[in-house]
Amino acid sequence: MTEVLTANEHGLARAAQLLRDGALVAFGTETVYGLGGDATNAAAVAAIFQAKGRPRFNPLIAHYPEADEALSHVVADDRAVRVARTFWPGPLTLVLPRRADCPVALLAGAGLDTLAVRVPGHPVALSLLRMAATPIAAPSANRSGAVSPTTARHVLDGLSGRIAAVLDSGACAVGVESTVLDLTGEQPVLLRPGGVALEALEALIGPVQRGLPPAVAGEGLKSPGLLASHYAPGLPVRLNAVSVDEDEALLAFGPPLPEARCQFQLSAAGNTAEAASRLFDGLRWLDAEGARVGARRIAVMPIPEFGLGLAIADRLRRAAAPRG
Ligand code: AMP
Ligand code: MG
């Protein structure tokens with residue numbers, strides 16, 4: 001049985017205790033719900049992969065309540081300190097070289113000599129991290145390959161009975177994952193677009209190289225999260241739809257297509273931040289509702305690739321990639 005904990009003093013204390021005991025607790029952040037386990041406890045980290053049913057050991061992000069603590073586990077140069085001061089707490093993950101004395105389990109970083117660290121920007125998550133008093137490894141709290149959860153209900157849909165508890169802190173504000181920035185080399189590299197816009201990073205540290213485009217599995221990717229069909233709803237996805245077929249459900253952006261009989265509006269105003277906050281809800285809703293009305297595909301209207309649109313396009317391209 002998965003406990004559903006309320007985000008009050010009692011619920012937080014219980015969640016922190018479970019984490020310290022090596023159990024798994026899903027918790028809300030400003031991006032999506034994370035599936036948390038003690039990052040210094042390899043068994044807890046292994047349990048994360050198990051609960052998610054991940055086909056491989058993708059490196060996980062270690063979460064901290066304070067920037068100083070996060071940066072003490074990695075080799076942080078001036079750039080990293082500047083970026084951390086500006087964007088933490090917030091939806092940004094930094095990949096940096098691990099320090100030799102870093103207590104995070106190697107499995108959490110999939111054996112890499114780098115570590116992804118983040119201070120999330122959600123008060124409940126920060127309280128939990130402080131009370132747990134250990135870094136928490138937390139990938140998105142969904143079964144591998146499924147859509148990322150933005151509510152406690154979504155978490156339970158995928159993981160009920162597979163994790164000890166979920167700490168319910170309401171719906172996530174950003175709705176897409178954190179931006180992953182690799183600062184291990186001289187040239188900063190964007191490994192995953194996300195909640196912090198690329199433009200904002202470049203304004204602070206200059207040009208950032210775009211990471212590898214979504215590629216097929218097993219091509220020796222620097223960031224395994226770039227796997228082609230990582231974010232797949234149940235129905236196949238067709239991108240850049242300017243019209244909708246009879247057997248399609250529609251993910252709309254901006255002025256909707258009148259002929260769609262089943263549609264979810266990401267942002268009528270064409271606002272990419274609003275669209276990002278509704279993206280995973282939309283895919284889930286279309287999966288269920290589309291199946292109910294007999295749709296065989298989700299058609300997605302074009303979304304401009306700037307700001308959070310870049311993150312949305314990245315997610316959707318993967319949702320549309322051939323399933324393997
Ligand atoms: P998730 O676990 O769903 O939040 O995804 C974590 C993302 O961070 C994935 O895209 C991972 O591949 C990426 N990531 C985590 N650690 C590293 C690392 N050490 N090097 C490169 N990418 C990483
Ligand atoms: Mg994920």
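Bear in mind that the values here come from a model prediction, so they are computed numbers and not experimental data. Both ligands and their constituent atoms are indexed starting at 1 by order of listing.
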Could you check whether any heavy atom of E177 sits closer than 4.0 Å to an atom of ligand 1, since that is the contact criterion I want to use? no
Can you establish whether the number of heavy atoms outside R79 located under 6.0 Å from its atom CZ is more than 12? yes
Does T93 approach ligand 1 within less than 4.0 angstrom via side chain, backbone, both or neither, non-hydrogen atoms only? neither
Ligand 1 versus I61: contacting region, heavy-atom distance under 4.0 Å: side chain
Check ligand 1 against L191 and write out every atom of the ligand that is under 4.0 Å from a heavy-atom position of the residue. 21 (C), 22 (N)
Are S178 and T93 linked by a side-chain donor-acceptor pair shorter than 3.5 Å? yes
Ligand 1 to A116, heavy atom cutoff 4.0 Å, flagged ligand atoms 15 (C), 16 (N), 17 (C)
Are R261 and E246 close enough for a salt bridge, meaning some N to O gap below 4.0 Å? no
Do side-chain atoms of Q265 reach the backbone of G254 as a donor and acceptor pair under 3.5 angstrom? yes
So for G109, does at least one of its heavy atoms come nearer than 4.0 angstrom to any atom of ligand 1? no
Just heavy atoms, cut-off under 4.0 Å: does T114 contact ligand 1 by side chain, backbone, both, or neither? both
Look at the aromatic rings of Y64 and H73 and report parallel, tilted or perpendicular, splitting at 30° and 60°. perpendicular
Between the side chains of N142 and S140, is a donor N or O closer than 3.5 angstrom to an acceptor N or O? yes
Proximal candidate to atom 2 (O) of ligand 1 [heavy atom criterion; set A137, P139, S148]: P139
Scan side-chain atoms only and decide if Q17 and R20 contain a donor-acceptor pair under the 3.5 Å cut-off. yes
A student checking ligand 1 against L112 at a 4.0 Å heavy-atom cut-off should list atoms 18 (C), 19 (N), 20 (N)
